[in-house]
Each structure stands twice: as C-alpha cells, then as structure tokens.
Q: 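Sharing a structure below in structure tokens format, with a few things to ask.
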Amino acid sequence: KYVLTLSLLVQCFGILGLMTLAQTPFLWLVVPIHGLAHGGMGAVWPLLVQDSFGLKHFGAIFGLTNVATIGSSLLGPIMMGISFDVTGSYNSGFAGVIAIFLIGSVVLQLARPMYREATPGKAVAAT
C-alpha cells in the first residue's frame, strides 16, 4: 500500500507539472516520471488486493476493482472534455484528478488487511 500511495502522490506532482509546466522544456522531465508512476499502479494493484484479501477472494475482488476502473476510464475523458469546454482549460479537470488521488492516498493509508496469516497458506480472520 505504501508503493501504491507513492505512485498516486507522484502522479499528483506529474499532473501538477502538466498544469504548470506545459509551455516549458521542464515538461519533458515531468512526463516520464508521471508515466512510470502511472504504469507502476498496474503492477502494484493486484499485489495490494492479494495482500489485503487473500488468494481465496482475489478473483472476485480484483474483478470488481477492474469494473470500477473501467467506469472511471469511460467517464474521465468525457469529464475532462466538459472541463475544457466550460473553462477553456484542462486545469479544473486536472485539479479534480489530483483531489481524487489525494483522497485515495489517505484512504489507502487508513485501510487495514481483511485477514492475516496464522500459518503458511492458511488465512484466518483479522482480529
């Protein structure tokens, strides 16, 4: 969860860079770092689900999280387009994404695993 939180926070800085450095050469420094943080989520997310819920429930829970991701992937571009049409800039949409990522980072740090390992390979309910 710490790596995923770091990924979200680095993405926040990357988006902030898109907002403030778009007309400068420094943007070329920010974009690859943002891209690595964004890509890292794909590798870390399944591990977080497995660590939090165990392998027994991994398929069902990971599938549900992917459905939520599909929803945001469908609505995100539309909302960004509306943001641009209304304000003439993507900045308000980017600010909304930063707010969502910051909330996600806080909630992620507050989350606790649903189980703990009592013996290797045998999950028990967390106390």
Side-chain angles (χ1 to χ4, degrees):
K1 77 179 185 178
Y2 300 114
V3 174
L4 186 58
T5 300
L6 178 64
S7 173
L8 289 171
L9 294 176
V10 170
Q11 286 183 75
C12 288
F13 285 112
I15 294 169
L16 191 60
L18 288 172
M19 293 169 67
T20 58
L21 302 173
Q23 305 300 325
T24 70
F26 293 110
L27 183 64
W28 292 101
L29 298 172
V30 172
V31 170
I33 294 168
H34 174 76
L36 287 170
H38 183 74
M41 284 182 61
V44 175
W45 189 256
L47 297 173
L48 179 66
V49 171
Q50 187 272 322
D51 283 347
S52 298
F53 300 101
L55 287 175
K56 182 177 179 184
H57 304 289
F58 174 79
I61 293 172
F62 190 66
L64 287 173
T65 62
N66 282 333
V67 169
T69 302
I70 290 169
S72 64
S73 295
L74 291 173
L75 293 177
I78 294 169
M79 292 176 70
M80 289 298 282
I82 292 170
S83 166
F84 184 82
D85 290 343
V86 170
T87 66
S89 169
Y90 292 108
N91 285 350
S92 60
F94 284 151
V97 172
I98 289 172
I100 291 168
F101 283 179
L102 290 174
I103 292 168
S105 297
V106 171
V107 170
L108 188 57
Q109 289 306 302
L110 296 174
R112 298 291 173 246
M114 294 294 292
Y115 84 104
R116 63 178 169 82
E117 292 283 336
T119 58
K122 195 169 200 177
V124 296
T127 56

Q: When rounded to the nearest 0.5 angstrom, what distance separates CZ in F94 from CE in M80?
A: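 Result: 4.0 Å between the selected atoms.
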Q: Can you check whether S92 reaches F84 side chain to side chain, under 4.5 Å on heavy atoms?
A: no
Q: For the atom pair OH (Y2) and OG1 (T5), what is the distance rounded to the nearest 0.5 Å?
A: 8.5 Å
Q: So I15 and F101, side chain to side chain contact (heavy atoms under 4.5 Å, CB included) or not? Walk me through it.
A: CA-CA 10 Å; I15 294 169; F101 283 179; 4.0 Å; yes
Q: What heavy-atom pair brings P77 and S72 nearest, and what distance separates the two atoms?
A: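 Nearest pair, atom of P77 first, then S72: CD-O, 4.3 Å.
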Q: Measuring from atom CD1 of I33 to atom CH2 of W28, what distance do you get when rounded to the nearest 0.5 angstrom?
A: 14.0 Å
Q: As an exercise, state the distance from CG of L64 to OG1 of T69, rounded to the nearest 0.5 Å.
A: 10.5 Å
Q: When you check the side-chain N and O atoms of H38 and Q11, is any donor under 3.5 Å from an acceptor?
A: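 Yes, a side-chain donor-acceptor pair sits under 3.5 Å.
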Q: Kindly work out whether a path of hydrophobic side-chain contacts (I/L/V/M/F/W/Y, heavy atoms less than 4.5 Å apart) joins M41 to L108.
A: yes
Q: Side chain of K1, backbone of A111: donor and acceptor closer than 3.5 Å?
A: yes
Q: Looking only at atom types and distance, does a side-chain atom of S52 sit under 3.5 Å from a main-chain N or O of V49, one as donor and one as acceptor?
A: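 No: the side chain of S52 does not pair with the backbone of V49.
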Q: Indicate the atoms forming the closest heavy-atom contact of R112 with Q109, along with that distance.
A: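 Heavy-atom minimum between the residues: NH1-O, 3.2 Å.
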Q: Is there a path from L9 to V31 through hydrophobic residues (I, L, V, M, F, W, Y) whose side chains come within less than 4.5 Å of each other?
A: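 Yes, it is one cluster - the side chains of L9 and V31 are joined through contacts under 4.5 Å.
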Q: Measure the spacing between CZ of F62 and CZ of F53 and express it to the nearest 0.5 Å.
A: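 Interatomic distance, F62 CZ to F53 CZ, rounded to 0.5 Å: 12.5 Å.
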Q: If you take all heavy atoms of S105 and L8, which pair is closest and at what distance?
A: OG-CB, 3.5 Å
Q: Between the main-chain N or O of G40 and the side-chain N or O of S7, is there a donor-acceptor pair closer than 3.5 Å?
A: no
Q: With distance as the sole test, does T87 use its side chain to make a donor-acceptor pair with the main-chain N or O of S83 at under 3.5 Å?
A: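 Checked: pair present.
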Q: Are L102 and V10 linked, directly or through intermediate hydrophobic residues, by side-chain heavy-atom contacts shorter than 4.5 Å (ILVMFWY only)?
A: no
Q: To the nearest 0.5 angstrom, please state how far the OG1 atom of T20 sits from the CZ atom of F26.
A: 11.0 Å
Q: Would you say L29 ends up clustered with L21 if hydrophobic residues are merged whenever their side chains have heavy atoms under 4.5 Å apart, either directly or through other cluster members?
A: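 They do share one cluster, since a chain of ILVMFWY contacts under 4.5 Å joins L21 to L29.
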Q: Please say yes or no: joined through hydrophobic side-chain contacts below 4.5 Å, possibly via intermediate residues, are L27 and I98 part of one cluster?
A: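 In one cluster: yes.
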